[in-house]
Structure formats: structure tokens, C-alpha cells
Asks: 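Before I ask anything, let me first share the structure, which is written out below as C-alpha cells.
FYI, the numbering just counts along the sequence from 1. All ligand and atom numbering here is 1-based and tracks the order in the structure.
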Amino acid sequence: MAKQRVLSGIQPTGRAHIGNYLGAFVNWVQDQRVNDSIFLIVDLHGLTVESDRDAMRAATLDMAATLFAVGIDPSDATVVIQSHVPGHAQLGWVMECTATYGELSRMTQFKEKSKGLSKVRAGLFTYPALMAADILLYHADLVPVGDDQTQHLELARDLAIRFNNAYGETFTVPRAQRVSHGSRVMDLANPLQKMSKSASSPQGIIFLSDSDDEVARKIARAKTDTFNEVAYLPDDPERSGITNLLEMLGALTVKPPEECAVEYSGYGQLKKALTETLVELLAPIRTRFELYQNDPAELVRLLEQGAVRANEIASETVWDVYDRLGLVGVAGR
Ligand code: TYM
């Protein structure tokens, strides 16, 4: 059977956290062995909110080092910085002209992210069209994402189908690939809210770069409740803190959270086990991250290699799309 193409992306707007790891990276690392995988560091998406030049540069390279540190193998998978491939912006515009204002207005992430901003960038509104382009550009079959990206993925599917109906079979219609647990890791301090690079306070986030002490401190302070009985009751909002800890431990140890629940008689025990599991996971990631961080030339080489391969695929798609739309190609195309 032909290999499936897998594509996913992450924004370089801050350090990666355990939600990114469980909701995305775990799948990415598994996928790369069996599928033809492309992983994007979506810096252009990072421009949709206020960004700082130095922070953007540092976060983009740190995210690349993180991906290699968690186990993405450049000989198996293509890791690429979005802005290194002009096709994203080119197809992004076509997708903006395929999507409707009504569709983009219904995106819940736009509503959440624009709340409270005094100036909302137009790019924040059209962001899902660029994300659709990211996926369709490479004819991706599967898109491993956490729960928060489901609506964007649905839009990408709708746009692919709409374009294909209007201009003939052009795009593969992508499918979401979800993890069973960990697809929505919650903030430790406020477990009714998603753990998020941009929205959570550092106390609510386990960063992949956190030291052993930081992990221990954050888990010790993680919000629980007064029931003091370890039970997995995911529908009870009063138990959302314990639910989150059990789901994290379950995802990390590849066990159903209800099975983890019966193993611990108190919250202290559960927190101790989760801390130990996290520390064991993060220590080697931190070491590998530092190796890449200390060798920027190697990092740049790997990213350039990714860009060459990605550009080959992307430019073919763009020219095909332009031709179907009746845009007159340059000589030789
Ligand atoms: P981003 O950068 O917010 O997150 C990257 C990935 O991490 C997942 N994730 C989580 N999973 C579980 N629990 C959490 N608390 C959590 N927070 C984040 C996200 O679901 C995502 O899989 N729009 C995307 C980036 C993107 C993309 C793409 C993804 C751009 N183009 C094309 C897939 C395909 C985003 O902002 O992800």
C-alpha cells in the first residue's frame, strides 16, 4: 500500500508544552515511521497576533530544536519553516477566495483569540484559510491534531471539496487523526481552560523545557478539589483538576485514566506518580534540545533540507491550482 501523507503544524509563539506533546507530538513521532510526514513550524500564523522580532526568531529555532528533541527524525520526516515555502502564502490567498466570510466568522478559536484585543489583525480572521492551504498544499491524507483544531480541519475539508467540485479533482480531502487521551490537556491552575502557550499563566503549564524542580512544584500546586478520593469522573466540572491529572498520567503511561484512578488512594500519591513520569519523560528531551540549541548550524542545515523537499511538492500544487483557475503561468509551466 502507498504511504499516507501526514501533515501537521505548530506555532512558534512560545515554548512547547505537555499539551502539544500529548495532543500532537506523540502522534507525529509514531507517524513518521510508517507514513510520509511533513511537520511545519508555522511562523506566518504567528504574525496574526502581536509578535516581536527577536522573540519570533528565537522561538522558531527553539521549536525546531524541540521537534528534533522529542524524536522527530529528519531522515524519516520533513521538518520545515512555513515561510521558507512561498506556496503557503500563494495557496493561502486562493483559500481566502474559496472560503466565505460567514464560514470564517463561525470559527470559535477566532472568537476566543480576538476577545479583549483592541486591534484584531485581519490575518487572525483569515488564519483558518492559511491553515487549509498548509494542509492542501501537500495533498495530506491525515492531520494529527488536538481537539482545538477540529473545526479548522473541517473547514479545510470543506474547502478542498468545494474547490474540487468547481475546478476538478485537485486536492486530497484530509482526515483528522486524534489521540485517544491527551487530545485536550487542561491548565493546571485552571482546569476548566485548555493549557495554552498564549493564554495560560506559566504556573498552569508544564513546558517541555521545565526542570525537575519546576515540574514537581507545578504538579504539587495543581488545582484539585476537596473530595480527596481518586476517581475518574470526567463529566463532573468540580473534579476537572483530578480528571486532568488522571488523563495526563493515562496518556503518558498508555493506560485508560479509570485504570490509573484505582491505583492511587490519595491525591498526594497520584501527584507523586505523575511528577515522576513527567520527570522521566522530560529529562532526555531537555538534553537533546540543548544539543541542537548548541549547534545552530546543524539546525539550519536540517531546516534547509526540509525546505527543499517541501518546495518541490508545494510549487507543483500551486502551479496546478493557478492553471485550473485560469491564471496565466510563466513561460515553461
Ligand atoms: P498550536 O500551535 O496551537 O498547537 C500545536 C498542536 O498542539 C495541540 N495542542 C494541544 N493538544 C492537547 N492539549 C492542549 N492543551 C493543546 N494545545 C495545543 C494542537 O491541537 C495542535 O495539534 N493552527 C494550529 C497550527 C497549524 C496546523 C496547520 C496544524 C497551522 N497549520 C496545519 C495542523 C495542520 C495551531 O495553532 O496549533
Side-chain angles (χ1 to χ4, degrees), residues 5-29 31 37-49 59-60 62-63 66-67 70 72 80-83 85 87-89 91-92 95 107-110 112-113 123-124 126-157 159-160 174-200 204-208 240 244 247-248 251-252 310 314:
R5 165 116 354 117
V6 167
L7 179 131
S8 202
I10 183 159
Q11 295 200 52
T13 40
R15 290 181 284 159
H17 54 69
I18 196 72
N20 300 129
Y21 182 84
L22 292 173
F25 300 161
V26 168
N27 262 336
W28 297 10
V29 170
D31 281 334
S37 302
I38 301 175
F39 301 121
L40 305 169
I41 299 164
V42 291
D43 53 352
L44 298 177
H45 284 277
L47 302 178
T48 55
V49 290
T60 302
D62 279 0
M63 191 57 79
T66 302
L67 294 190
V70 296
I72 302 297
V80 56
I81 296 181
Q82 186 186 29
S83 62
V85 182
H88 289 271
L91 191 61
M95 286 300 126
M107 295 290 129
T108 52
Q109 198 166 69
F110 170 73
E112 278 164 25
K113 285 200 170 178
L124 188 64
T126 57
Y127 173 122
L130 182 59
M131 178 162 160
D134 298 340
I135 298 167
L136 304 184
L137 196 55
Y138 300 100
H139 304 290
D141 301 290
L142 286 175
V143 184
V145 279
D147 270 2
D148 58 337
Q149 299 300 318
T150 311
Q151 199 188 21
H152 291 160
L153 195 70
E154 275 303 313
L155 179 73
R157 287 170 57 84
L159 298 182
R175 281 177 293 126
Q177 187 193 38
R178 281 195 206 89
V179 287
S180 45
H181 290 287
S183 63
R184 193 170 173 81
V185 177
M186 308 308 277
D187 187 307
L188 298 175
N190 177 7
L192 292 173
Q193 176 190 307
K194 183 186 80 165
M195 187 182 283
S196 154
K197 296 195 277 297
S198 45
S200 306
I205 308 181
I206 300 285
F207 293 107
L208 300 188
S240 55
N244 190 34
E247 288 187 348
M248 251 192 276
L252 289 163

Asks: Would you sort out whether His88 and Tyr138 count as a ring pair (Phe, Tyr, Trp, His ring centres under 6.0 Å), showing the intermediate values?
Replies: CA-CA 10 Å; His88 289 271; Tyr138 300 100; 5.5 Å; yes

Asks: Check whether Asp43 reaches the backbone of Ser83 with its side chain - one donor and one acceptor, N or O, closer than 3.5 Å.
Replies: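 Yes, because the side chain of Asp43 sits within donor-acceptor range (under 3.5 Å) of the backbone of Ser83.
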
Asks: At a 4.0 Å threshold, what atoms of ligand 1 neighbour a non-hydrogen atom of Gln149?
Replies: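 Heavy-atom distances to Gln149 below 4.0 Å select 20 (O), 23 (N), 24 (C), 35 (C), 36 (O), 37 (O).
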
Asks: Any chance you could measure Thr66, atom OG1, to His17, atom NE2, to the nearest 0.5 Å?
Replies: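 One gets 11.5 Å once the value is rounded to the nearest 0.5 Å.
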
Asks: Looking at Met195, which atoms of ligand 1 are within less than 4.0 Å of one of its heavy atoms?
Replies: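 What qualifies from ligand 1 is 14 (C), 15 (N), 17 (N).
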
Asks: I'd like to check which ligand 1 atoms, numbered from 1 as shown, lie under 4.0 Å from a non-hydrogen atom of Ala24.
Replies: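 Here the atoms of ligand 1 in question are 6 (C), 7 (O), 22 (O).
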
Asks: Looking at Lys197, which atoms of ligand 1 are within less than 4.0 Å of one of its heavy atoms?
Replies: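 Once the distances to Lys197 are compared, the set is 1 (P), 2 (O), 3 (O).
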
Asks: Find all atoms of ligand 1 within a distance of less than 4.0 Å from any non-hydrogen atom belonging to Val143, and give their numbers and elements.
Replies: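 It comes down to these atoms of ligand 1: 33 (C), 34 (C).
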
Asks: Just go through Leu40, Ile135, Leu7, Val185 and tell me whose heavy atom is the nearest to atom 13 (N) of ligand 1.
Replies: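 Nearest heavy atom to atom 13 (N) of ligand 1 lies in Val185.
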
Asks: Does Ser8 reach the main-chain N or O of Pro144 with its side chain, forming a donor-acceptor pair under 3.5 Å?
Replies: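 Yes.
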
Asks: Quick check on contacts: which atoms of ligand 1 are under 4.0 angstrom from a heavy atom of Ser183?
Replies: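 Matching atoms, with element in brackets: 11 (N), 12 (C), 13 (N).
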
Asks: Can you list the atoms of ligand 1 that are under 4.0 Å from a heavy atom of His45?
Replies: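 Selected atoms, number and element: 30 (C), 31 (N).
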
Asks: State the CG-CD1 distance between Leu67 and Ile10, to the nearest 0.5 angstrom.
Replies: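 One gets 7.0 Å once the value is rounded to the nearest 0.5 Å.
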
Asks: Pairs of nitrogen or oxygen atoms closer than 3.5 Å, one from Asn20 and one from ligand 1: do any exist?
Replies: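 N/O-N/O distance under 3.5 Å: yes.
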
Asks: With atoms numbered from 1 as shown, which atoms in ligand 1 lie under 4.0 angstrom from a non-hydrogen atom of Lys194?
Replies: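 Answer for ligand 1: 15 (N).
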
